[in-house]
Amino acid sequence: MAVVLTLMTIALPWVGALAVWLIGDARSRLQSALAVAFSAAAGLVSLALIPYATGGYEFSVFDAGEAFGRFTFAPDGLGVYLAVIATIIGCLAVVFSLDYMKGEHQLGRYYAFVLFFVGAMAGLVLASNLFLVFLFWEITALCSYALISFHNDDPKAVAGGIKALIITGLGGIGLLVGALLAYSYLGTFNISLFLQNAGQMPAGALATVAFGFLAAAAAKSAQFPFQTWLPDAMEAPTPVSALIHAATMVNAGVYLLARFYPAFAAVPAWRITVISIGVITALMAASMAVVSNDLKRVLAYSTVSQLGYMVYAIGAGGIFASQFHLLNHSAFKALLFLGAGAVIHATGTRDLRLMGGLGRAMPVTRAVFIIGSLALVGIPVLNGFWSKELVLEAGFLGGPLWAYLLAILTAGLTALYTYRCLYLVFYGPSHGKIPPHDAGYAMRAALYPLAIAALVTWLLAGPFSRMLAASLPFHEVDLLPTWEMAVEVLSAPQTFLALAVIALGLAAWRWRERLSPVANAFHGLAQAASNSYGFEWLNRQVVTLTQEAGEALRSTQTGQLNWNVVAIAGALVLVLAIVILGSVL
Amino acid sequence: MVYALIVLGMLACALLAVHARRLMVSALWLAGASALASLLIYLLGAPEVAVIELSVGAGLVTVLFVFAINIAGEESAAVRPLVHRPLAWGLVALALLLLGWLTWPRVLISPAPQTASFVQTFWRDRFLDVLLQIALIFSGVLGILGLLTDGEHKGAA
Amino acid sequence: MSWNIGVIVLAGILGLLGVGLYGLLVLRNLIKVVIAMQILVKGAILALVAAGAAQDQISLGQSLALTVIVADTIVSVVGLALAVQVRSHCGTLDVRALSRLKK
């Protein structure tokens, strides 16, 4: 049964993608109905898979023999919950798109790619063969490119899509190199075997694999130094942003780190690198969110920052804390993105300076946005609070003090930019047009479940930890019933420190008039932040360099058959020489 | 002995096919090389493939070539190759040297003894290959149809 | 005795592969290119059969060789059809002229 459910979780969205594409754009109602139906079915199937996530269960669909090993899938706790997130939020994003994308052209392409992406993400987390993971990794990169550049007549969207593709693709090389190295030393692509025998690899090779995977994960999750693609990817339609950049694809990087943590924890300097990357990203992105004037960019930087928290937790050894934060973050970040989508759809702009006072005209949207913001900031009772405190606690116990202090500072900044964003959109005087009505019915149908989720998913801590502990033999996750977790969080002194800093952050915005001299002192830093600390410039240089290299190499493309065969023959000679050398040495 | 003669003949035909000036002559030398190759294959103990190679390689393909050369017409092609001949010979010699070095230790041929019958191997063990070939033939036919009908409708639309 | 046959057949295979590769490198007429490719593949077919004979698994060698023959025939058929179309559209079969011609 688990076999069927697992395969259906991956196959249903793909069949749906094919169906939506074949139906054609002429029958748009049937098309959207099919899209919703297939994504909902996938969500239900993945939910049905939860009871089977008891661990140790692995099945193979295809035996590629010596070439790629057995294509195995292992529905364990870590994979199933991410598959549930991917499919359920995918379904909600599709429902939201019914209103948001109404009247757009080529919706067949849109829905097909969304469904294709959901299936690929489910496959990525459920696969137990490194080669399969790489395959699905690249498929998600392709789908995210196709969806970011969905409005392919807008040059900014296309540029954003290509940037995302290039950066995540380069990260994928790290994954491929790591997988090939693991295969050459251990003789298998299987993940469980790899986790079991990682210690048998020579230290240098294991370190290469560890840092290769780290690079891939950092690129995919938009961590430092690869963080520039995520804000530019905000050119995608907002439901796509919610799906890909808040709830699923960027989680793939965190998933990779969590899955392989037992194998790499012993590699010298790996954990501290992970911690550093996480904390630096969190702080940097939070500072960039404070000065940004684009609503979706603020949310994008916020995502990067929260992902930094998760990476930080993994580096410090708190696997459960990071995954729990991932679960909660998916809920409230998708909520925030979809709420922002409702605002953008109604006002027609993304600029915060042109909004204001929308709370009166859009009370429902304001309410859900407030819920999402409270969760993001980490106010008690909402899900973000519990997981963020667990992350900070794990960081305090497992990581250096400077990282913990920076993380606390970031929590304060989070409060600051969230309150700023909320205020500029919904409160205060209105600087732009007032929308005539609130979010539509389909939008609300997607927003309400997420708002409820933001309120209650923290209650799942107990069952979630049980599921992870039972099904991940190598990870040493401790059982943590919900009540115990609540007591632990509420009684830890770190919690109160964090809450104090958060209160400071909120107060800083509230009293911004009085604090304006302090703000002016940071003016230089604010300038640097809005220029993304020079990373944009670096990016442009890399792109220009690549294009010039391409132009320079143009002369080798003669277009004449004989010269092409010369290249082929030359390559043949080279390969033969390498093979002979390999057998002689 | 026989093998050496056949191989020499085959190589001679191949070289002449490459060097011939006129396309028709080239195609005929190719037919000769195919025939000798099929004879060699038969002597190695593979009668089925030998027959198929003879009928397809020396028969069908040659007819196709003659057909195509008639339609396309002979062309007095330029003689100077784009890639210098020494460079070409050098690359080829190098590749052959390395390839020979790799395969040298494994030359031991005992022609004729059978293990399983060809029919059983082909239709049962390598069934995936058969499916592949069917798919290939389909795509080939589709390709031909696409190419030829496109030519006929050159004037329209 | 068998060793000698092996060497001779190997020489034949290498010779065919070499002539075919040389043809691909040097020839300029598209149809002759197809001929050279045919020679190359003939060498490959011979290699498969010879390998099967050497390992006492002649049926396996034959099956693989048959697959290659079919594939090669299809390729040559489509290649010739292409050449005919190129000739009628672009008026020439010369590789160099084709790489410059804008249609």
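Letters A, B, ... mirror the listed sequences (proteins, then strands); counts begin at 1.
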Looking at [X] and [Y], what are the two nearest heavy atoms and their distance?
X      : Y      : answer
B/L91  : A/A569 : CD1-CB, 4.1 Å
B/L98  : A/A577 : CD1-N, 4.0 Å
A/V573 : B/L94  : CG1-CD2, 3.7 Å

Inset, instruction - Check the surroundings of atom CH2 in A/W14: do more than 12 heavy atoms from other residues, nucleotides or ligands lie under 6.0 Å from it? - result: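 For A/W14, atom CH2 is crowded (more than 12 foreign heavy atoms under 6.0 Å).
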
Inset, instruction - Answer yes or no: does atom OH of A/Y185 have more than 12 heavy-atom neighbours from other residues, nucleotides or ligands under 6.0 Å? - result: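 Counting neighbours around OH of A/Y185, 12 or fewer heavy atoms of other residues, nucleotides or ligands fall under 6.0 Å, so no.
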
Legend entry - Contacting region of B/L97 [heavy-atom separation from chain A under 4.5 Å]: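 Interface part for B/L97: neither.
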
Legend entry - Rounded distance [0.5 Å steps], CD1 in A/I580 versus CG in B/L102: 4.0 Å

Legend entry - Contact origin within A/V565 toward chain B - heavy atom pairs under 4.5 Å: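 Contact with chain B is absent: no heavy atom of A/V565 under 4.5 Å.
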
